[in-house]
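For reference, the structure discussed in these notes is given below.
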Amino acid sequence: QVQLVESGGGLVQSGGSLRLSCAASGTFISINAMGWYRQAPGKQRELVATIRSDGTTIYGDSVKGRFTLSRDNVKNTVYLQMNSLKPEDTADYYCNADIRRSWATRPSQVWGQGTQVTVSS
């Protein structure tokens, strides 16, 4: 079974920083894209950032220039450094990975349980 274990959420003041981590564990042979989505109350889930196995990174428009996503392929972990946080960044943040469990299966999406980020004004 494959799991994504998230950490690093919490409460921070506007203008502050937080760092989220997400580690993949279990049995699998490869991870393609890996990253973060978020969902605020009453809103749809949206892309925060995702990084492919070749290092190509895509950011959501609202976080460009403030958030940085990095990946450690040895540890199967991604890190989301969030700077200059705003109250509108408040949401539940979910780790997502496109994981191939075996040579006999196609890659499939795996989601973490979510971690809350609250930015106070």
Side-chain angles (χ1 to χ4, degrees):
Q1 187 173 352
V2 178
Q3 286 186 320
L4 299 178
V5 180
E6 303 151 331
S7 61
L11 173 64
V12 65
Q13 288 188 334
S14 181
S17 298
L18 280 176
R19 188 190 195 211
L20 304 183
S21 299
C22 173
S25 64
T27 303
F28 52 89
I29 59 172
S30 66
I31 301 176
N32 299 327
M34 192 170 180
W36 293 89
Y37 287 72
R38 69 185 183 187
Q39 187 167 19
K43 295 188 177 181
Q44 288 188 329
R45 190 171 294 189
E46 63 174 0
L47 172 69
V48 177
T50 187
I51 185 167
R52 298 173 181 165
S53 56
D54 64 359
T56 303
T57 307
I58 301 171
Y59 293 95
D61 288 341
S62 60
V63 306
K64 286 179 181 177
R66 299 187 297 122
F67 291 10
T68 302
L69 183 66
S70 59
R71 177 170 174 166
D72 185 330
N73 289 324
V74 174
K75 295 182 179 179
N76 295 314
T77 298
V78 290
Y79 305 96
L80 182 67
Q81 179 65 42
M82 305 185 293
N83 298 329
S84 302
L85 282 161
K86 306 174 182 180
E88 49 263 45
D89 293 317
T90 295
D92 290 324
Y93 284 67
Y94 296 89
C95 184
N96 171 268
D98 189 35
I99 294 180
R100 189 171 190 177
R101 291 172 170 79
S102 73
W103 294 114
T105 60
R106 295 181 176 182
S108 60
Q109 298 291 309
V110 179
W111 291 91
Q113 78 282 1
T115 185
Q116 190 172 46
V117 172
T118 303
V119 184
S120 62
S121 57

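Any value given below was found using the heavy atoms of this structure, including those in side chains, with hydrogens, waters and symmetry copies removed. It should be emphasised that the depicted structure is a prediction, and the values quoted were computed from it without experimental measurement.
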_Under the criterion side-chain contact (heavy atoms from CB on, under 4.5 Å), I'd like the reasoning laid out for V110 against F28: C-alpha separation, chi angles, the key distance, then a yes or no._
CA-CA 12 Å; V110 179; F28 52 89; over 6 Å; no
*For the residue pair Y93 and F67, categorise the inter-ring angle as parallel (less than 30°), tilted (30 to 60°) or perpendicular (more than 60°).*
tilted
*Closest approach of R38 and S62, non-hydrogen atoms and distance?*
NH2-OG, 3.0 Å
*asked:* Is it the case that the side chains of S53 and N32 hold a donor-acceptor pair, with the cut-off being a distance below 3.5 Å and no angle test?
replied: no
*Write down the atom of S17, the atom of Q81, and the distance for their closest heavy-atom approach.*
CB-NE2, 3.9 Å
*Would you indicate whether the side-chain heavy atoms of M82 and D89 approach each other to under 4.5 Å?*
no
*Is the closest side-chain heavy-atom distance between S21 and K75 below 4.5 Å?*
no
_Contact check, side chains of Y94 and L4, non-hydrogen atoms, under 4.5 Å_ = no
*Do N96 and R45 have side-chain heavy atoms sitting under 4.5 Å apart?*
no
*Quick one: are V117 and L20 in side-chain contact, heavy atoms under 4.5 Å?*
yes
*Any idea which heavy atoms bring L69 and G35 closest together, and the distance?*
CD2-CA, 4.2 Å
*asked:* If you define the side chain from C-beta out and look only at heavy atoms, does anything of Y59 sit under 4.5 Å from T68?
replied: yes
*Are V2 and I31 joined in one hydrophobic group, where the rule is that I, L, V, M, F, W and Y side chains link up if heavy atoms are under 4.5 Å apart?*
yes
_Rounded distance (nearest 0.5 Å) linking atom CE of M34 with atom SG of C22_ = 4.0 Å
_Can you confirm whether R52 sits close enough to I58 that some side-chain heavy atom of one is under 4.5 Å from a side-chain heavy atom of the other?_
yes
